[in-house]
Structures are given as structure tokens and as C-alpha cells.
Amino acid sequence: MQYVIKGGIPLVGDVVIGGAKNAALGILAAAIMADEDVTVENLPDVRDINVLLEAIEEIGASVYRLDEHTVRINGSGIHTIRVNGDFIKRIRASYYLLGALLGKYRKAEVSLPGGCNIGSRPIDQHLKGFRSLGARTEIEHGMVVAEAAFLHGGHIYLDVVSVGATINIMLAAALAEGSTILENAAKEPHVVDVANMLNSMGANIKGAGTDVIRIKGVPKLHGTVYSIIPDQIEAGTFMFAAAVTKGDVTVKNVIPRHLEAISAKLMEMGCEVVEFDDAVRVVCKSRLRYTNVKTLPYPGFPTDMQPQISVALSLAEGTSMVTESIFENRFKYVDELARMGAQIKVEGNVAVINGVGRLMGADVSAPDLRAGAALVLAGLAADGHTVVDETKYILRGYERFDEKLRSLGACIFQAEDEKDIQRLKLEAV
Ligand code: EPZ
């Protein structure tokens, strides 16, 4: 499937942001650790979430959708600790089932994770954490095996700040015997959300949101009803959509504190950003200005917003430098953006961007989730028609992306084939 976009229309209006995908993935894994009903609210209806729900169902947990954004999970029927569906290899967060199953059953076997190809993405820190809790870890025939006769507390110092390892270790340690101290932990809002969710199930986790997390293991977890925090990256993407189209967009149902790094950059670039209790309004009236940015773990500028800010900077006045310090392979969209007239030179993990006055519509292909969203933003800002191919990546993490953009006035439609594309190009005058 492709998106056909007619660019050049300023986006104006309100958009409601959904639940955080990357929090939801940890939370769904946590949900199977109880043998009682766990109701998860504000769940985004995106592909990665639905794949994880399938995996959870396949091992015997019951998954009952109360509505599009609410699911009730009960882990009492789990009959295997082996997660090996083909589908699970397609998402990164399958690795959270390792921590959840290891904590609950003291053994887990999960296919090596897939996910967006944005770098080598090792899981050594996850495994190091499990080993500190007394588990044996092995890679056997493409499966990660973790097993512990006695799962106990441990003292772990992460060598790199990792969201995934922090969440995974919290999951397993929640049901280990004794206390765990996790140092150099990730501080992202979704780490805090997973900790809050586990605590609402009876876990004893303190310090999430700081770089030292203390977990006192408890014998079992109980049912809960939990609502996921808003998605910081979906919100940030719409904020940048306003900026690149010289629009006026209010993103609603957000936690403005989680968006501070994004808001600060938009202001440096000349946008007006107004914060409300649970909304942020971005107004952009004139040409954007250059800035420099380096991606960093939270509260730094998120790597998941790097392609979106690069699109904005490719239209800004002056020369900007974007340094990607988290993933080594996250500039793959640059060649696509060059087809639209952007002037970007990548050397190692730095992109030097010479802002151009305008981008021109072109046929481009999404290399991964966030880069795909960024190419859509480029299309919305460009003159003429842009066709973004491989939209399947975008659907991993954005719910009704095109529909939400249309509600802000954008001209963007889904096409199934070449005939559709031609028809839409003619219609979307
Ligand atoms: C999570 O990936 C997110 N994915 C990513 O979101 C996000 O880009 C990333 O965190 C950083 O914020 C999910 O939550 C499912 P990391 P994760 O472990 O957990 C290195 C999106 O677009 N590292 O924090 O895989 C790693 O190579 C996606 O929604 C190790 O060396 O990221 C990277 O350089 C894409 N060893 C750095 O740490 C390990 O064991 C941070 O990775 C683990 C990580």
C-alpha cells in the first residue's frame, strides 16, 4: 500500500493522540504475569501491538477486546513458555515475553526479535540482566532461552542506557526472590509507565524515571485496570507536521512535560509552542530556522523523532547538524529525501543539512517506521504529488495516520496499486 499526498496545505486544527506504543508493548507483557484479569485501556490499535496480542494468545493467555482501545488479558491459561510464531519475529518487543515468562515461570524461550532495521540492535544487556538474577541464557536455533532454578535479586549496571533492557529486567525482577538494583537505567516515560502498571499489579518497584531502579520481588502479581500514557512520538510527529506545513495544530491528550525536548527544538526553529494542561499547540508562521540536534536517551531529544526533525531542517534557513547517537543506521531515509530536493550529507552518525526553500513531490519509499512518517511530513510540505511506498512500516506505530492528517486538512489518501495512484493524483488536484 502507498500514500498519495498532495503537498503544500498548512495543517490546521486539533488532533487527539493515542496511547504510547512502546509503553503498551511492555504493559501487555506485564499483563500475562498475573493469573487474574488485567484490563489495559488506551491501547493503540497499531500493528506491533496486534502482533504481540496474537503471540500472547498463542501461548494460552486469554485476550478479549472490550473495544478498539481496551483489552482484557488473563494469563492463567498459559500452557507453554515457548514463543515461536513467525509473526513474533517481525516485532522487536517480543523480547519482553522473555522477562515476563522468566519471572512468572522461571523459564522462557522466545524467537530472536525482529523490528525496524535501524542498526544492529543487540540484546546483550537484557541477557546480562537475566544472568544477574540467576538465569542461564542461551541462543539455541534462533531462540533465546532463559532459565533459572532460583531467580533471585541482583545488582545490575547497564553498560548502555537501554529502554528494552530496563523494562525486561524490571519484568523478571518483579517476581524474583529478593531485591534488585538496576543502575544506569533508561528514564523514558514508557519505562515509568510499565513500572506504574507493575506496581498496580502488586509489584514493588521504586525509582523508575531516575537512573537507579530498585525492585523488591513479590511472590505473585494480581489483576488490575490500567490506562496507558499518551504517545510522545505520535504527538511529536504531529507537532512537526504543523511546523513543516506552516500550520497551527493542537495535539490533545498529551503530557506536555514528556514533549519538552521536542517543544524546545520547535521554538528554537521559530515556531510558537503553547502548553496547556493536556495539550500543546504549535503555530508556525514563517520559514523555519536552522538548529543543531543530537539524539539522546530521555530527557534528551528522542531518536524516534530524528527523521521528523531532519525533514523540518531540510526546509529551514541555514545549515543544521543532526547527530544520531543511539542507532547507527537511522539515516536511511536521506536518499529518499534527496529525491525531493533536500540537501543532506551524512558522514558517520552526523547529517549536515543545508536548508532549501522548497521540497518537490517525488516517489519515495519508507525504510522504517519513523522515517516513513517523516517522508509523509516531507510530502505534506512539498510542492506537487508525493507517493510514499512501504507504508506497512508506518502502520506498525501510527493509528489512522492518514485519517488524522486529513482531519487537519491534509490531502493524503491510501492507494492499493498504480491505477489507484494515478486516479488519486488526478482527483487530488
Ligand atoms: C526502544 O528500542 C524502542 N522500541 C525504539 O522505538 C526506540 O528507538 C528505542 O527504544 C530508543 O528510545 C521499543 O520500545 C519496542 P534501546 P530498544 O535498547 O529497546 C543499544 C520506534 O520507532 N543496546 O533503548 O531496542 C542499542 O543498540 C522504535 O518506535 C545494546 O547495545 O532500544 C542502541 O544503540 C524503533 N545492547 C541503544 O542501546 C542491548 O542489550 C538503545 O537501545 C540493548 C540495547
Side-chain angles (χ1 to χ4, degrees), residues 20 22-23 25-27 29-30 33 92-103 108 110 112-113 115-116 118-139 144-146 148 151-199 203-217 232 258 261 294-304 323-330 349:
N22 289 343
L25 293 164
I27 282 171
M33 296 175 75
R92 185 88 200 136
S94 51
Y95 55 39
Y96 289 145
L97 296 176
L98 275 173
L101 293 170
L102 177 65
V110 179
L112 271 172
C116 279
I118 52 180
S120 67
R121 307 190 77 178
I123 58 162
D124 56 304
Q125 300 302 305
H126 303 234
L127 302 184
K128 168 175 145 169
F130 296 151
R131 284 196 295 274
S132 302
L133 303 179
R136 165 186 82 88
T137 64
E138 223 78 62
I139 310 281
V144 188
V145 180
L151 195 70
H152 52 71
H155 193 144
I156 302 149
Y157 189 98
L158 292 181
D159 301 321
V160 288
V161 180
S162 159
V163 172
T166 302
I167 291 178
N168 229 343
I169 293 165
M170 278 194 322
L171 289 167
L175 285 176
E177 284 182 45
S179 296
T180 296
I181 299 177
L182 178 56
E183 298 204 57
N184 200 27
K187 296 183 281 212
E188 268 70 0
H190 32 293
V191 171
V192 180
D193 209 33
V194 178
N196 287 343
M197 147 78 172
L198 283 164
N199 284 342
N204 185 341
I205 302 174
K206 295 202 167 84
T210 74
D211 47 21
V212 185
I213 301 181
R214 293 167 200 276
I215 306 147
K216 272 197 187 137
Q232 177 202 14
H258 294 168
K294 180 176 183 181
T295 62
L296 287 168
Y298 190 82
F301 191 86
T303 172
D304 292 348
T323 308
E324 172 56 61
S325 77
I326 311 288
F327 292 110
E328 77 261 28
N329 202 6
R330 225 173 180 176
N349 67 338

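FYI, the numbering just counts along the sequence from 1. Bear in mind that the values here come from a model prediction, so they are computed numbers and not experimental data.
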Checklist entry - Is it the case that more than 12 heavy atoms not belonging to Lys216 sit under 6.0 Å from its NZ atom? => result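 No, because the 6.0 Å sphere around NZ of Lys216 holds 12 heavy atoms or fewer from other groups.
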Checklist entry - Atom CZ in Phe301, atom CG in Leu296: separation rounded to 0.5 Å? => result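 It comes to 10.5 Å.
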Checklist entry - Rounded to the nearest 0.5 Å, how far does OH of Tyr157 lie from CD1 of Ile181? => result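 The CD1 atom of Ile181 sits 13.5 Å away from the OH atom of Tyr157.
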Item to check | Residue pair His155, Glu183: steps toward the side-chain hydrogen bond (donor to acceptor under 3.5 Å, both in side chains) verdict | outcome: CA-CA 8 Å; His155 193 144; Glu183 298 204 57; 2.6 Å; yes
Checklist entry - Considering all heavy atoms of both residues, which atom of Gly207 and which atom of Ile213 are nearest to each other, and what is their separation? => result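 Taking every non-hydrogen atom into account, O-CG1, 3.9 Å.
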Checklist entry - Which of parallel (below 30°), tilted (30 to 60°) and perpendicular (above 60°) describes Tyr95 and His126? => result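 Aromatic pair Tyr95/His126 classed tilted.
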Checklist entry - Nearest 0.5 Å, what's the CD1-NZ distance between Ile156 and Lys128? => result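 Ile156 CD1 to Lys128 NZ: 8.5 Å, rounded to 0.5 Å.
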Checklist entry - How many angstroms lie between CG in Asp193 and CD1 in Ile27, if you round to the nearest 0.5 Å? => result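 Answer rounded to 0.5 Å: 4.0 Å.
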Next on the checklist: By the definition side-chain contact (heavy atoms from CB on, under 4.5 Å), identify the one residue from Asp211, Val161, Val163 that meets it with Lys187.
Outcome noted: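 That would be Asp211.
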Item to check | Shortest non-hydrogen contact between Tyr96 and Ala29, atoms and distance | outcome: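 Shortest heavy-atom contact: CB-CB, 3.6 Å.
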Next on the checklist: For the OG atom of Ser162 and the CG atom of Asn168, what is their distance to the nearest 0.5 Å?
Outcome noted: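 Rounded to the nearest 0.5 Å, the OG-CG separation comes to 8.5 Å.
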Next on the checklist: Please report the interatomic distance CD1(Ile215) to OG(Ser179), rounded to the nearest 0.5 Å.
Outcome noted: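 So the gap between those two atoms works out to 9.5 Å.
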Checklist entry - Does a side chain donor of either His190 or Gln232 reach within less than 3.5 Å of an acceptor in the other side chain? => result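 The criterion, which ignores hydrogens and geometry beyond distance, is not satisfied for Gln232 and His190.
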Checklist entry - Yes or no on side-chain contact (heavy atoms from CB on, under 4.5 Å) for His258 and Tyr298, after CA distance, side-chain angles and deciding distance? => result CA-CA 9 Å; His258 294 168; Tyr298 190 82; 3.7 Å; yes
Checklist entry - When you measure from the side chain of Asn199 to the backbone N and O of Ile205, does any donor-acceptor pair fall under 3.5 Å? => result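 Yes, because the side chain of Asn199 sits within donor-acceptor range (under 3.5 Å) of the backbone of Ile205.
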Item to check | Those residues that, when tested against Thr295, pass side-chain hydrogen bond (donor to acceptor under 3.5 Å, both in side chains) (two or more places apart) | outcome: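 Applying side-chain hydrogen bond (donor to acceptor under 3.5 Å, both in side chains) to Thr295 gives Glu324.
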Next on the checklist: Under a 3.5 Å cutoff, is there a donor and acceptor pairing between the side chains of Arg330 and Thr303?
Outcome noted: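 Result is yes, a qualifying pair exists.
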Checklist entry - Out of Asn184, Thr166, Asp159, which residue meets the side chain to side chain donor-acceptor pair (under 3.5 Å) rule with Gln125? => result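 Single side chain to side chain donor-acceptor pair (under 3.5 Å) partner of Gln125 among Asn184, Thr166, Asp159: Asp159.
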Checklist entry - So, Asp124 and Arg131, do they make that salt bridge, N to O below 4.0 Å? => result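 Arg131 and Asp124: not salt-bridged.
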Next on the checklist: Between Glu177 and Leu151, is there a side-chain heavy-atom distance shorter than 4.5 Å?
Outcome noted: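 They are not in contact (no side-chain heavy atoms under 4.5 Å apart), so the answer is no.
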Next on the checklist: Give me the atom names and distance for the closest heavy-atom approach of Gly134 to Ala148.
Outcome noted: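 Scanning both residues, the minimum pair turns out to be O-CB, 3.8 Å.
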